[in-house]
Amino acid sequence: MILDCRDLLRIDDNPGLWLDNVVPVWVMPSAPMSPRRQRFLLQAVAALRAGLRARGSDVLIRFGDRVEVLTALAAELGCGVACARPSGVDELHQDAQIPGLVYFDARTLYGADDLPFSATPEPFTRFRKVVEKQLRVDAPVDAPARLPAIPVRLAPGELPPLPVVAHDPRAYRDYRGGEDAAQAELAKYFSGTRPAHYKQTRNAMHGCEGSTKFSPWLAQGSLSPRRIWHRVTEYEQQVTKNDSTYWIQFELLWREFFQWWLPEQSPGLFGRRELAPAPRDFARWCAGDTGVPMIDANMRELNATGYMSNRGRQNVASFLSKDLGVDWRLGADYFETHLIDYDVASNWGNWAYVAGTGADPRDDRWFNVLLQGTRYDRRGDYVRHWVPALAGIDPGCVHWPWRDGGPRPIIHPPRWNSVIDA
């Protein structure tokens, strides 16, 4: 059986590796991605290859049209194709073109056959209550000790060289892709006290200790959501159980919600062919040049590191779609190119949610980015870190520097005044 490793780049908790005579294959994706995101991805494939070779197997590296590559390999070997169930509409459409392709569930907490509903309940709270009451998360599948060798007639193929990316001295950390890095991150996180304080620190933007930072490896399939879930449970049994440990699993359920909700949406949710040309304000948003410190700092962090906090993502998404009136899909597409933790369901689902067009649609889901700045970056440490021009601004004006001689923002919603004049 051919195992398509598309977005399942791990050995731990990978049911596909237990298939008969499995031949792992990875096809280089054609979607545009930044050099930093591509580097992170290729590091993960290299780590997968090393782990498979240590067990007597390998992963075939291939280039070209994924459907054609996998169909030809299946015909040559006289076998079928299996892969982890995807969440993207485009991915599902592509999979339907591969004869005999079968799915297994490895990117989610639950399996499709376990779900007690035919359509994902909305909003998230309904979904959460249903699954918390009726389902349990199965234990992860252990990694196999040995695997069958790849047929000798098949050339393994080589990965392209890693793109060279510059290190930004402002980066809080450098992320390395792959299962080894993911497992090290998991062990480090649960060896300390951070899980017991997660709910209080998860919205921090300055530094890298606030949230779990598991999302980059979850997105590329180098880390299993079920493994995280059970590590939380072990922590609760061995160390402490409180609101913070529950909230880690709560956030995993948010991710789970979008994994099942997105495939039920029509391709119109993405609508790339219908997008109007990007306005000038969009380019300034991308560059972190809007004159609004909360927005500029987050976008500059994204451009320099491939990462942004969840709090930052909500704010820049609201600012683009609600304050600037730019089609939210342009922003989601920009994130897809640059985020090292890009996940089709989480990215597009959350963008649609903030824009008020997705699950639980609401026109008034608006973030006052100045209020958010004073709430989550009270002293301005984060915005000063990424926007050096703020160094000389009066601390009381750090989130509205135009009041202290700084450049005016590209837009000034009247509702900001209640924050400035408070």
Side-chain angles (χ1 to χ4, degrees), residues 1-29 39-64 66 68-86 95 98-108 111 138-162 176-187 216-228 230-231:
M1 177 70 77
I2 291 173
L3 173 62
D4 176 21
C5 301
R6 174 173 54 195
D7 49 10
L8 188 60
L9 302 175
R10 67 174 185 266
I11 298 174
D12 174 59
D13 195 28
N14 186 342
L17 292 176
W18 292 92
L19 298 170
D20 291 337
N21 299 315
V22 63
V23 178
V25 179
W26 182 78
V27 183
M28 180 76 180
R39 180 183 179 87
F40 189 74
L41 175 61
L42 294 178
Q43 287 173 334
V45 182
L48 175 67
R49 165 165 276 180
L52 290 172
R53 285 179 171 176
R55 290 165 172 79
S57 182
D58 204 340
V59 58
L60 305 183
I61 308 298
R62 296 293 185 264
F63 299 86
R66 175 175 168 271
E68 294 177 0
V69 168
L70 294 177
T71 301
L73 271 174
E76 180 180 353
L77 297 176
C79 66
V81 178
C83 72
R85 189 186 310 275
D95 289 350
I98 301 174
L101 182 142
V102 295
Y103 287 139
F104 56 89
D105 293 301
R107 300 186 65 260
T108 50
D138 290 338
V141 177
D142 290 335
R146 296 293 298 175
L147 288 164
I150 298 295
V152 294
R153 68 180 184 276
L154 297 177
E158 297 298 328
L159 279 169
L162 294 179
R176 179 171 62 87
E179 185 172 16
D180 291 345
Q183 291 295 334
E185 191 75 13
L186 191 69
W217 296 283
L218 272 172
Q220 64 180 196
S222 294
L223 183 60
S224 161
R226 294 191 300 188
R227 182 64 70 186
I228 300 173
H230 283 279
R231 286 299 296 269

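Along the sequence shown, the residues carry numbers beginning at 1. The figures here come from the full heavy-atom set of this structure, side chains too, leaving out hydrogens, waters and symmetry mates.
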For residues 41-57, tabulate all N or O donor-acceptor pairs below 3.5 Å that involve a side-chain atom, not counting sequence neighbours.
from: Gln43; atom 1: OE1; to: Gly177; atom 2: N; distance (Å): 2.8
from: Arg49; atom 1: NE; to: Asp58; atom 2: OD1; distance (Å): 2.9
from: Arg49; atom 1: NH1; to: Gly157; atom 2: O; distance (Å): 2.9
from: Arg49; atom 1: NH2; to: Val59; atom 2: O; distance (Å): 2.7
from: Arg49; atom 1: NH2; to: Pro156; atom 2: O; distance (Å): 3.2
from: Arg49; atom 1: NH2; to: Gly157; atom 2: O; distance (Å): 3.0
from: Arg53; atom 1: NE; to: Asp58; atom 2: OD1; distance (Å): 3.3
from: Arg53; atom 1: NE; to: Asp58; atom 2: OD2; distance (Å): 3.0
from: Arg53; atom 1: NH2; to: Asp58; atom 2: OD2; distance (Å): 3.2
from: Arg55; atom 1: NE; to: Pro144; atom 2: O; distance (Å): 2.8
from: Arg55; atom 1: NH1; to: Gly51; atom 2: O; distance (Å): 3.0

Least distance between heavy atoms, Leu60 atom then Ala155 atom: CD2-O, 3.8 Å
Heavy-atom closest contact (Leu17 atom, Pro24 atom, distance): CD2-CG, 4.4 Å
Ionic contact status for Asp13 with Arg226, cut-off 4.0 Å: yes
Side chain proximity check, Leu154 to Glu76, heavy atoms < 4.5 angstrom: yes
Interatomic distance, Arg62 atom CZ to Leu70 atom CG [nearest 0.5 angstrom]: 10.5 Å
Distance (rounded to the nearest 0.5 Å) between Arg227 CZ and Gln183 CD: 6.5 Å
Candidates Leu19, Asn21, Leu73 - the one meeting side chain to side chain contact (heavy atoms under 4.5 Å, CB included) with Ile2: Leu73
Side-chain heavy-atom pair Ile228, Leu218 within 4.5 angstrom cut-off: yes
Nearest-0.5 Å distance that lies between atom CG in Leu223 and atom CZ in Arg10: 7.5 Å
Which side-chain N or O atoms in residues 101-108 pair as donor and acceptor under 3.5 Å with protein atoms at least two apart or in another chain?
from: Tyr103; atom 1: OH; to: Asp95; atom 2: OD2; distance (Å): 2.6
from: Asp105; atom 1: OD1; to: Arg85; atom 2: NE; distance (Å): 2.7
from: Asp105; atom 1: OD2; to: Ala112; atom 2: N; distance (Å): 2.9
from: Arg107; atom 1: NE; to: Asp7; atom 2: OD2; distance (Å): 3.4
from: Arg107; atom 1: NH1; to: Gln259; atom 2: OE1; distance (Å): 3.1
from: Arg107; atom 1: NH2; to: Asp343; atom 2: OD2; distance (Å): 2.8
from: Thr108; atom 1: OG1; to: Tyr110; atom 2: O; distance (Å): 2.6

Euclidean distance, Ser222 OG relative to Leu186 CG, rounded to 0.5 Å: 12.5 Å
Residue pair Pro99 / Thr71, side-chain heavy-atom distance below 4.5 Å: yes
Expected output: side-chain Gln220 to main-chain Leu9 donor-acceptor under 3.5 Å: no
Side-chain (Trp217) to main-chain (Asp180) donor-acceptor, under 3.5 angstrom: no
Where Asp12 and Glu179 come nearest, the two heavy atoms and their spacing: N-OE2, 2.9 Å
Rounded distance (nearest 0.5 Å) linking atom CG of Leu162 with atom CZ of Phe40: 12.0 Å
Nearest heavy atoms of Arg176 and Ala181, plus distance in Å: O-CB, 3.2 Å
Derivation and outcome, side-chain contact (heavy atoms from CB on, under 4.5 Å), residues Ile150 and Val23: CA-CA 6 Å; Ile150 298 295; Val23 178; 3.8 Å; yes
